[in-house]
Amino acid sequence: MLDIKRIRENKEEVQAGLDKRGQYDLSVVTALDEKRRETLGQVEEMKSRQNVVSKQIPVLKKENKDCTEIFAEMKELSNTIKDLDAEVKKIDDEIKIQLLNFPNIPNPQVKVGKDDTDNLEIRKWGEPRKFDFEIKAHWDIGVDLDILDFERAVKITGARFSMFKGEGARLQRALINFMLYTHCEEHHYTEISPPFMVNRESMTGTGQLPKFEDDAFHLPSKDFFLVPTAEVPVTNIYRDEILGEEELPKYFTAYTPCFRQEAGSAGRDTRGLIRNHQFDKVEMVKFVHPDRSYEELESLTNNAEDILQLLGIPYRVVELCTGDLGFSSAKTYDIEVWMPSYNRYVEISSCSNFEDYQARRANIRFRDGKTKKTRFLHTLNGSGLAVGRTFAAILENYQQADGSVIVPEKLVHYMWGKTVIGM
RNA sequence: GGAGAGAUGUCUGAGUGGUCGAAGGAGCACGCCUGGAAAGCGUGUGUACGUGUAAGCGUACCGAGGGUUCAAAUCCCUCUCUCUCCGCCA
């Protein structure tokens with residue numbers, strides 16, 4: 001959420017920031033803000049008078065004075081206050097709606113661009129392997145090895161679901177364990193196993209609601225949502241709380257399944273593990289001091305890259321331009337993994353600095369050690385990594401001519417010693 | 001799911017219609033005392049919004065939302081959550 005005071009005091013600057021992302025108009029919210037302050041001034045003056053008189057009444061009563069006239073006057077005042085209060089509340093609600101629908105302002109350094117074709121490649125790691133045989137896509141490799149079963153997943157549930165079987169299920173779990181181990185033991189994150197359903201406040205806090213309700217799976221009986229990412233429950237750990245400055249930074253990592261409608265993606269990536277309604281992901285979330293959030297973004301991104309390096313899979317890091325940036329993010333690096341069947345790099349992680357945008361929505365603050373004042377902290381998160389896509393990348397990058405798949409060395413332990421799948 | 005109890009500031013805990021933003025205690029900060037510390041004594045100690053260069057001033061907030069009243073932490077209604085007992089259950 002953007003700060004109304006910042007909009008009030010630096011309207012042009014904020015508008016310029018929003019212009020980099022698309023069509024947004026601040027004039028409605030600034031007009032509402034002005035109206036609000038005007039009305040608030042009026043009603044507060046009346047309340048002040050009401051409070052003064054209310055304190056006199058018991059005194060007058062003690063002296064047995066007649067209060068009929070005062071009561072009549074106060075009744076009228078009270079009614080006016082009630083009306084104005086309702087008006088202020090209405091304006092407040094409208095302002096809130098407006099503010100919740102503005103995206104974050106991109107960091108000034110971020111390249112202005114229209115869509116993903118304007119993104120900047122930052123670095124590359126590893127060389128795509130040259131195959132001396134006809135390669136297969138991961139969905140064929142998996143089905144042929146009998147470790148993936150898409151047809152039965154469709155029977156059980158429906159389109160865009162998948163089922164892992166035997167060594168496939170084991171590989172999926174191995175990846176989760178390997179990622180959590182690396183983040184906890186090497187990168188010093190604290191593991192969280194959060195609820196997989198969250199309430200409306202949590203979804204609003206991280207920015208999924210109100211604008212993107214169609215993308216989520218909703219449980220009407222409780223008004224809960226299936227988590228679209230662990231970012232939602234984990235970031236909301238500290239919703240409406242004030243942390244001590246000395247507690248920062250806080251690093252968390254969490255495995256959860258993720259549930260997404262993928263509304264509007266019909267026809268794209270319909271085969272395999274790339275785009276499903278349910279997928280597994282290990283997420284990293286940081287709560288940091290505002291002065292350090294951009295350094296923290298670099299290390300967070302490196303933490304995600306480490307997983308691919310340890311697995312030996314080529315990837316590149318891309319900085320998103322303003323037009324491709326997620327709604328709540330000020331700056332984002334995408335990590336894209338080499339996918340032989342696509343003959344291109346495919347997104348496997350998205351690492352973002354939200355600055356105070358989520359903290360403001362979710363009301364997450366810390367107490368400044370020097371000034372003793374509360375301030376909004378900065379939140380970051382990144383996938384570390386999307387497990388289904390990592391699974392697919394391993395199948396494709398480590399496939400052999402006979403259809404078997406080599407298990408990356410670092411995973412062998414988690415695969416109970418198995419070095420090749422399909423032998 | 002049924003019955004009951006409860007939700008007050010950083011914590012604990014008073015307060016059942018009126019000078020209550022809220023007693024007392026703990027904690028914390030500062031000062032005094034001390035060779036130093038503890039104890040003791042004194043002072044201070046919430047958040048948000050509005051207004052002001054500022055000191056300050058004003059308003060709101062006692063789980064959330066409505067209602068009654070000149071006036072609500074206090075009375076009424078709805079909801080949420082917590083605890084205890086019963087039922088069901090992995």
Side-chain angles (χ1 to χ4, degrees), chain A residues 1-11 29-100 193-205 209 218-225 233 236-248 257 356 359-377:
Chain A
M1 190 158 65
L2 301 181
D3 183 5
I4 186 69
K5 283 183 204 156
R6 185 176 164 199
I7 295 175
R8 190 186 301 153
E9 286 157 20
N10 303 295
K11 191 179 174 188
V29 75
T30 48
L32 284 167
D33 177 49
E34 211 159 300
K35 179 81 180 144
R36 171 177 182 271
R37 281 182 296 151
E38 187 194 319
T39 315
L40 199 60
Q42 290 171 5
V43 72
E44 285 189 353
E45 202 174 307
M46 290 180 199
K47 282 181 180 173
S48 180
R49 159 123 182 98
Q50 190 179 44
N51 286 340
V52 170
V53 175
S54 287
K55 282 180 183 172
Q56 287 169 347
I57 286 174
V59 179
L60 292 173
K61 277 192 149 178
K62 237 174 231 169
E63 295 168 5
N64 278 319
K65 296 242 170 84
D66 179 30
C67 296
T68 322
E69 228 170 276
I70 297 175
F71 283 169
E73 188 208 327
M74 286 298 106
K75 178 70 184 170
E76 199 175 318
L77 185 66
S78 164
N79 285 336
T80 315
I81 288 172
K82 217 167 271 182
D83 290 347
L84 286 179
D85 262 346
E87 201 176 321
V88 171
K89 189 181 183 307
K90 197 175 146 227
I91 297 171
D92 271 341
D93 290 346
E94 283 173 34
I95 290 174
K96 189 93 195 260
I97 290 168
Q98 288 278 322
L99 289 180
L100 286 176
S193 182
F196 296 165
M197 298 178 198
V198 295
N199 59 31
R200 195 167 278 278
E201 290 71 31
S202 294
M203 288 287 276
T204 307
L209 294 184
H218 182 230
L219 288 84
S221 65
K222 284 289 211 173
D223 199 22
F224 290 161
F225 296 83
N236 277 280
I237 287 175
Y238 292 118
R239 173 152 53 83
D240 294 320
E241 292 192 32
I242 300 171
L243 304 179
E245 183 171 352
E246 70 287 351
E247 293 178 73
L248 301 178
D356 67 358
R360 198 176 286 282
R361 279 176 166 253
N363 194 27
I364 309 171
R365 293 171 291 174
F366 72 99
R367 196 171 295 281
D368 191 300
K370 281 198 189 72
T371 64
K372 305 288 177 201
K373 290 284 181 194
T374 57
R375 291 175 66 186
F376 290 107
L377 49 73

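Sequence lines set the chain letters: A, B, ... in the order given, protein chains first and strands last, and positions in each chain run from 1. Hydrogens, waters and symmetry mates play no part in the numbers below; they use all other heavy atoms, side chains included.
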[N] to [M] separation - [atom1] atoms, rounded to the nearest Å:
N	M	atom1	value
B:A14	B:A22	C1'	10 Å
B:C70	B:A64	C1'	27 Å
B:A38	B:G31	P	13 Å
B:C57	B:G18	C1'	24 Å
B:A60	B:A73	C1'	14 Å
B:C77	B:U82	P	23 Å
B:A7	B:G63	P	8 Å
B:A39	B:A26	P	11 Å

key: Distance, rounded to the nearest Å, where A:Lys47 contributes NZ and B:A60 contributes C1'   = 6 Å

remark   = To the nearest angstrom, the CG-P distance between A:Asn363 and B:A64 comes to 14 Å

RNA chain B contacts made by residues 69-77 of chain A, counting heavy atoms under 4.0 Å = A:Phe71, A:Met74, A:Lys75

task = Scan residues 78-92 of chain A against RNA chain B and write down, sorted by residue number, each residue with any heavy atom closer than 4.0 Å; if none is found, say none.
result = A:Ser78, A:Lys82, A:Lys89

Please list, chain by chain and in numerical order, all residues satisfying salt bridge (charged side-chain N to carboxylate O under 4.0 Å, His left out) with [X], sequence neighbours excluded.
X	value
A:Asp66	none
A:Glu247	A:Lys250
A:Lys65	A:Glu63
A:Glu38	none

key: Euclidean distance, A:Leu100 CG relative to A:Thr204 OG1, rounded to 0.5 Å   = 7.0 Å

request  = Any chance you could measure A:Leu377, atom CG, to A:Leu248, atom CG, to the nearest 0.5 Å?
outcome  = 6.0 Å

Go through the structure and list residues passing side-chain contact (heavy atoms from CB on, under 4.5 Å) with [X], not counting sequence neighbours.
X	result
A:Glu73	A:Arg49
A:Arg6	A:Asp3, A:Asn10, A:Glu13, A:Val14, A:Ile105
A:Met197	A:Leu219, A:Phe224, A:Leu226

Salt bridge (Lys or Arg N to Asp or Glu O under 4.0 Å) contacts in which one or both residues fall within residues 85-94 of chain A, not counting sequence neighbours = A:Lys35-A:Glu87, A:Arg36-A:Asp92, A:Lys47-A:Asp85, A:Lys89-A:Asp93

[X] side-chain N/O to [N] phosphate OP1/OP2 under 4.0 Å:
X	N	result
A:Asn51	B:U59	yes
A:Arg49	B:G58	no
A:Lys5	B:C49	yes
A:Arg37	B:U59	no
A:Thr374	B:A48	yes

task = Identify the heavy atoms of A:Leu60 and A:Ile70 that sit nearest to each other, and give their distance.
result = CD1-CD1, 3.5 Å

task = Determine the minimum heavy-atom distance between A:Gln98 and A:Leu32, stating which atoms define it.
result = CG-CD1, 4.2 Å

query = RNA chain B: stems of at least 3 consecutive Watson-Crick or G-U pairs, cut-off 3.5 Å?
reply = B:1-7 with B:80-86, B:10-12 with B:24-26, B:27-32 with B:40-45, B:46-51 with B:56-61, B:63-67 with B:75-79

inquiry  = Classify A:Val59 by what it touches in the nucleic acid, base, sugar-phosphate, or nothing, heavy-atom distance under 4.0 Å.
reply    = base

request  = Using ring pair (Phe, Tyr, Trp, His ring centres under 6.0 Å) as the criterion, list what pairs up with A:Tyr238, not counting sequence neighbours.
outcome  = A:Phe287

message = Tell me if the side-chain of A:Glu44 makes a donor-acceptor pair with the base of B:G50, cut-off 3.5 Å, by modelled atom types.
response = no

Candidates [options] - which lies nearest the side chain of [X]:
X	options	answer
A:Ser54	B:G18, B:G50, B:G46	B:G18
A:Lys55	B:G21, B:C49, B:A48	B:G21
A:Arg8	B:A48, B:G50, B:U59	B:G50

